[in-house]
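First comes the structure, then the notes that go with it.
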Number of protein chains: 2
Amino acid sequence: MATDAHREFKNRLYGQFARIGKALSSPHRLEMLELLAQGERTVDSLAEEIGLSLANASQHLQVLRQAALVDTRRDGLFVHYRLADPGVCDLYHAIHSVAERRLGDLERLVREHFGDRAGAEPVPMDELLARARSGRAVILDTRPVGEYAAGHIAGAISVPVDDLQRRLRELPRDRKYVAYCRGPYCVYADRAVEILRGKGRQARRLLEGFPEWQAAGLPIHTGLERGAIR
Amino acid sequence: MATDAHREFKNRLYGQFARIGKALSSPHRLEMLELLAQGERTVDSLAEEIGLSLANASQHLQVLRQAALVDTRRDGLFVHYRLADPGVCDLYHAIHSVAERRLGDLERLVREHFGDRAGAEPVPMDELLARARSGRAVILDTRPVGEYAAGHIAGAISVPVDDLQRRLRELPRDRKYVAYCRGPYCVYADRAVEILRGKGRQARRLLEGFPEWQAAGLPIHTGLERGAIR
DNA sequence: GCCATGGTCAAGTAATCTATTGATTACTGC
DNA sequence: GCAGTAATCAATAGATTACTTGACCATGGC
């Protein structure tokens, strides 16, 4: 019967799409994707940062791999995982955007945790680009240095938030600072702004994070040396 | 401990995003979203088309509603479900696009079912827009008439694929036809093209479907009368 | 009021998913 | 080859999810 064959096809078709949906259905896996959006990482480092056992992290990563969202590369003892496709970032942002607009619980949660963030006047990406080009702002990458090395906003300097306190002398008082981190829900940049303001600097955070900057096609650099912005 | 509070926040945060992922993790729910992208529908009509029991369909719809992907409206005896936000379409397309690029199984499945579709030279959206504006093509909406009424490509006429055979006399031989349907994986337009070509008409299908046209911001109309394209 | 219809709720079972544990594989350096 | 580390595999118990059934609620027509 033709209709049965057709049903069967649809079941398989939507089954394929559901593979991707299933991969996105676990909080831990979503957190992994966000970390991988900063650059490739080993199983061990993901497990530790998220607070999972090694075996558990490995299994989650394999779910992601079977959904073709991530890829691997072996280097000696280490297996490095990375996002398989820029489209995975789009997917991630599509979820963010629906969640932000439609989930009241999310808004409430963020408000409770961050307080009224609008008071700190976050800088949107296009404004930062303009300010950086004209040399009117120093851009601080507050993520761990490994993530900076894997890719950062062109012209940014690496000041992991944990090092900020003791590296303050490198940051003159007469400049304006914009700190960024992993994304809008990451606290590193907020903490950095707090510290900087406490020490008399003018500082604001980037509204978004590195993955959004990259996805927007704005200038980035890789490696540890500071790349100039253009 | 601050780190514990922070972990707790992250768990809740990603838990919120995972609500959306969970909603996308079932083939049946994805099929529902695709149908809802054509326009609002009742529980019963969704259940019947997908082949689910009424109770089961209702429960799936509630998962979608709790993830804030759909909304409802009651009209007398009927409860109409609709997509809650255009962002849901984006989300859907993001899944499609990753799946198309990365899932070999999907490609294989589609190839087996549709054969080599490239031979039928599907028309991309921008080309159809140009051809329609200059009057060089008749656009046929091959979906059920209810979906046409809920929204269709401006200038298209409604010819549900099941009615096509007996309405052929309405379609003069000296025109060129472009048929479209629910999306790239829907067979209605393919069937229509087959029938039309079998009866000596020049016909091609639109590569995408109505939701993609709408998401692209191209001109649409609602209602049963034929709206002119501009 | 009663009935018919569309839809939801509640309970139960089968299937699936998650996280843990301990064993095993893959590779490096000696 | 052996020891040590990174990661995966295999087996399991506990939690979640999917679907069915039958009861229940909401609305409109009589």
Side-chain angles (χ1 to χ4, degrees), chain A residues 7-8 10-12 14-33 35-36 40-67 69-82 146, chain B residues 7-8 10-12 14-33 35-36 40-67 69-82 146:
Chain A
R7 202 9 63 214
E8 176 65 18
K10 281 198 178 170
N11 288 346
R12 287 185 197 220
Y14 290 106
Q16 290 300 316
F17 295 138
R19 281 170 68 183
I20 294 182
K22 283 202 182 91
L24 301 173
S25 70
S26 145
H28 291 325
R29 287 197 289 268
L30 289 172
E31 189 167 0
M32 285 177 157
L33 289 178
L35 288 173
L36 291 173
E40 64 173 29
R41 298 187 65 141
T42 64
V43 182
D44 189 71
S45 94
L46 284 167
E48 191 186 2
E49 174 132 9
I50 301 184
L52 300 177
S53 72
L54 187 67
N56 193 10
S58 174
Q59 279 162 183
H60 277 302
L61 284 165
Q62 272 162 72
V63 174
L64 290 173
R65 196 173 48 180
Q66 275 157 32
L69 300 186
V70 304
D71 244 336
T72 58
R73 162 179 84 83
R74 185 177 262 279
D75 176 25
L77 278 180
F78 296 88
V79 176
H80 298 263
Y81 279 78
R82 62 174 179 280
Chain B
R7 199 13 60 213
E8 176 65 18
K10 281 198 177 170
N11 288 346
R12 287 186 197 217
Y14 290 106
Q16 290 300 316
F17 296 137
R19 281 170 67 183
I20 293 181
K22 283 202 181 93
L24 302 173
S25 70
S26 144
H28 290 326
R29 287 197 289 268
L30 289 173
E31 189 167 358
M32 286 177 156
L33 289 178
L35 288 172
L36 291 173
E40 64 173 30
R41 297 187 66 141
T42 64
V43 182
D44 189 70
S45 92
L46 284 167
E48 190 185 2
E49 174 134 8
I50 301 184
L52 300 177
S53 73
L54 187 65
N56 193 8
S58 174
Q59 280 162 182
H60 277 302
L61 284 165
Q62 271 162 75
V63 174
L64 290 173
R65 196 173 50 180
Q66 274 156 33
L69 300 186
V70 304
D71 245 338
T72 58
R73 162 179 84 84
R74 186 178 261 277
D75 176 25
L77 279 180
F78 296 87
V79 176
H80 298 264
Y81 279 78
R82 63 175 179 279

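Within every chain, numbering begins at 1; the chains are lettered A, B, ... in the order of the sequence lines, protein sequences first and strands thereafter.
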Item to check | Side-chain heavy-atom pair A/Leu35, A/Ile50 within 4.5 angstrom cut-off | outcome: yes
Item to check | A/Leu24 vs A/Leu33 side-chain heavy atoms within contact, under 4.5 Å | outcome: yes
Could you state the [atom1]-[atom2] distance from [X] to [N], rounded to the nearest angstrom?
X       : N      : atom1 : atom2 : result
A/Lys22 : C/dT16 : NZ    : C1'   : 9 Å
B/Arg19 : D/dT17 : CZ    : C1'   : 17 Å
A/Leu52 : C/dT21 : CG    : P     : 13 Å
B/Arg74 : D/dC25 : CZ    : P     : 14 Å
A/Asp44 : C/dA26 : CG    : C1'   : 16 Å
B/Tyr81 : C/dG6  : OH    : C1'   : 11 Å

Checklist entry - Between B/Arg7 and A/Glu31, does at least one N-O distance fall below 4.0 Å, as a salt bridge requires? => result yes
What closest approach, in Å, do [X] and [Y] show between heavy atoms, and which atom pair accounts for it?
X       : Y       : value
A/Leu54 : A/Ala47 : CA-CB, 4.2 Å
A/Val63 : A/Ala23 : CG1-CA, 4.2 Å
A/Gln66 : A/Arg19 : O-NH2, 2.5 Å

Checklist entry - Parallel, tilted or perpendicular: which fits the ring planes of B/Tyr14 and B/Phe17, with parallel below 30° and perpendicular above 60°? => result perpendicular
Checklist entry - Looking across every strand, which nucleic acid part, if any, lies under 4.0 Å from A/Ser25 by heavy atom: base, sugar-phosphate, or nothing? => result nothing
Next on the checklist: Please pick, from D/dA26, D/dA18, C/dT8, the nucleotide with the shortest atom-to-atom distance to any side-chain atom of B/Leu77.
Outcome noted: D/dA26
Item to check | Difference in axis direction between the ends of the helix from C/dG1-D/dC30 to C/dC30-D/dG1, five pairs, 10° | outcome: 30°
Checklist entry - Which parts of residues 54-66 of chain A get close to DNA chain C, meaning a heavy atom less than 4.0 angstrom away? => result A/Ala55, A/Asn56, A/Gln59, A/His60
Checklist outcome for this item: Of A/His28 and A/Asp75, the one whose closest nucleotide on DNA chain C sits nearer the 5' end is A/His28
